[in-house]
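Note sheet for the following structure.
Not measured: the values here are computed from a predicted model.
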Amino acid sequence: MMGTRVAALASLVLAALWSGATLFFTVVVTRSAFRVLPTRALAGTLVGDALPALFMGGLATGAVLIALALPAAAPARATRIALGVIALAGCGVGQFVINPRLHRLREQLAGPVDALAAGDPLRIEFGRLHVASIGTLGLALVAMVAVTLALAWSLTREVP
């Protein structure tokens with residue numbers, strides 16, 4: 001009983017830390033980068049260089065959540081494993097499928113994306129991949145926030 005409580009508390013802390021870091025990055029850092037840096041291309045480079053840390057952190061956190069959920073009781077275990085898998089999937093697709101495509105696309109560009117005409121196929125593809133990257137990170141974030149809330153609720157119910 002005590003071991004599963006410690007595992008749940010550790011999971012709560014990890015999921016909350018990753019969620020907080022991801023929210024801070026997406027709400028504060030990205031907006032600030034695009035506001036204060038001299039070009040949108042430079043801001044995009046900063047954000048693009050930081051994303052792998054979030055995706056890899058989400059992969060690690062999701063894996064630990066799944067491992068720590070194994071000794072939990074059946075309903076809690078299934079929920080935590082499912083949310084961990086969703087976080088893993090979102091971060092994995094973002095890091096290993098979408099980000100490499102964005103990187104290859106940037107290498108093809110002669111200049112900043114904003115310099116391309118709105119109908120340019122490369123700009124359209126960049127926009128599509130950008131939206132997909134945001135979607136995968138958002139999916140992982142929703143799963144992590146959900147597991148954080150579920151763990152917080154379950155841990156507060158067990159306190160005498």
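Side chain of Thr26 to main chain of Thr22: a donor-acceptor pair is present (N/O by atom type, distance under 3.5 Å, no hydrogens or angles). Under a 3.5 Å cut-off, the side chain of Arg123 and the backbone N or O of Asp114 do form a donor-acceptor pair.
Side-chain atoms of Phe24 and Ser19, non-hydrogen and from C-beta on, never get closer than 4.5 Å to each other. In this structure, the side chains of Ile124 and Asp120 stay at 4.5 Å or more apart for every pair of heavy atoms. The closest side-chain heavy-atom distance from Thr39 to Pro112 is not below 4.5 Å. Between Ile98 and Val93, the closest side-chain pair of non-hydrogen atoms falls below 4.5 Å. Proximity of His130 to Ile134: side-chain heavy atoms (C-beta onward) are separated by under 4.5 Å at one or more points. Residues Ser11 and Arg80 form a side-chain contact, since some pair of their non-hydrogen atoms from C-beta on lies under 4.5 Å apart. Proximity of Arg106 to Thr45: side-chain heavy atoms (C-beta onward) are nowhere separated by under 4.5 Å. The closest side-chain heavy-atom distance from Pro75 to Thr79 is not below 4.5 Å.
In this structure, Arg104 CZ and Leu109 CG are separated by 13.5 Å, a value rounded to the nearest 0.5 Å. Once rounded to the nearest 0.5 Å, the distance linking OG of Ser133 with CD of Gln95 reads 9.5 Å. A distance of 12.5 Å separates CZ of Phe126 from CD of Gln108, quoted to the nearest 0.5 Å. Expressed to the nearest 0.5 Å, how far CD1 of Ile66 lies from CZ of Arg77 amounts to 13.5 Å. To the nearest 0.5 Å, atoms CG (Asp49) and CG (Asn99) are separated by 10.0 Å. Between Phe34 atom CZ and Leu42 atom CG the span is 9.5 Å, to the nearest 0.5 Å.
Between Ile81 and Ala69, the shortest heavy-atom distance links the atoms CG1-CB, 3.8 Å. Pairing each heavy atom of Ala140 with each of Cys91, the nearest pair is CB-SG, 3.6 Å. Nearest approach of Gly90 to Thr136, heavy atoms of both residues: O-CB, 3.2 Å. Of all heavy-atom pairs spanning Leu12 and Leu151, the tightest one is N-CD1, 3.5 Å. Taking both residues in full, the closest heavy atoms of Ala50 and Phe25 are given as CB-CE1, 3.5 Å, listed atom of the first, atom of the second, then distance. The minimum heavy-atom distance between Ala43 and Leu37, with the atom names listed, is CA-CD1, 3.6 Å.
The hydrophobic clustering, which links ILVMFWY residues whose side-chain heavy atoms are closer than 4.5 Å, places Leu122 and Leu102 together. One hydrophobic cluster holds both Val29 and Leu51 under the rule that ILVMFWY side chains link at heavy-atom gaps under 4.5 Å. Two different hydrophobic clusters hold Trp18 and Leu59 under the rule that ILVMFWY side chains link at heavy-atom gaps under 4.5 Å. By the criterion of side-chain heavy atoms lying less than 4.5 angstrom apart, applied directly or through intervening Ile, Leu, Val, Met, Phe, Trp or Tyr residues, Val142 is not grouped with Leu139; the two fall into different hydrophobic clusters. In the hydrophobic clustering of this structure, Leu137 does not group with Val97; members are Ile, Leu, Val, Met, Phe, Trp, Tyr whose side-chain heavy atoms approach within less than 4.5 Å, directly or through other members.
Leu68 belongs to a hydrophobic cluster whose other members, connected by ILVMFWY side-chain contacts under 4.5 Å either directly or through intermediates, are Leu14, Val64.
A search for side-chain hydrogen bond (donor to acceptor under 3.5 Å, both in side chains) contacts involving His103 returns Glu107, not counting sequence neighbours.
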Worked check of side-chain contact (heavy atoms from CB on, under 4.5 Å) between Leu65 and Met144 = CA-CA 10 Å; Leu65 288 177; Met144 289 286 194; 3.6 Å; yes

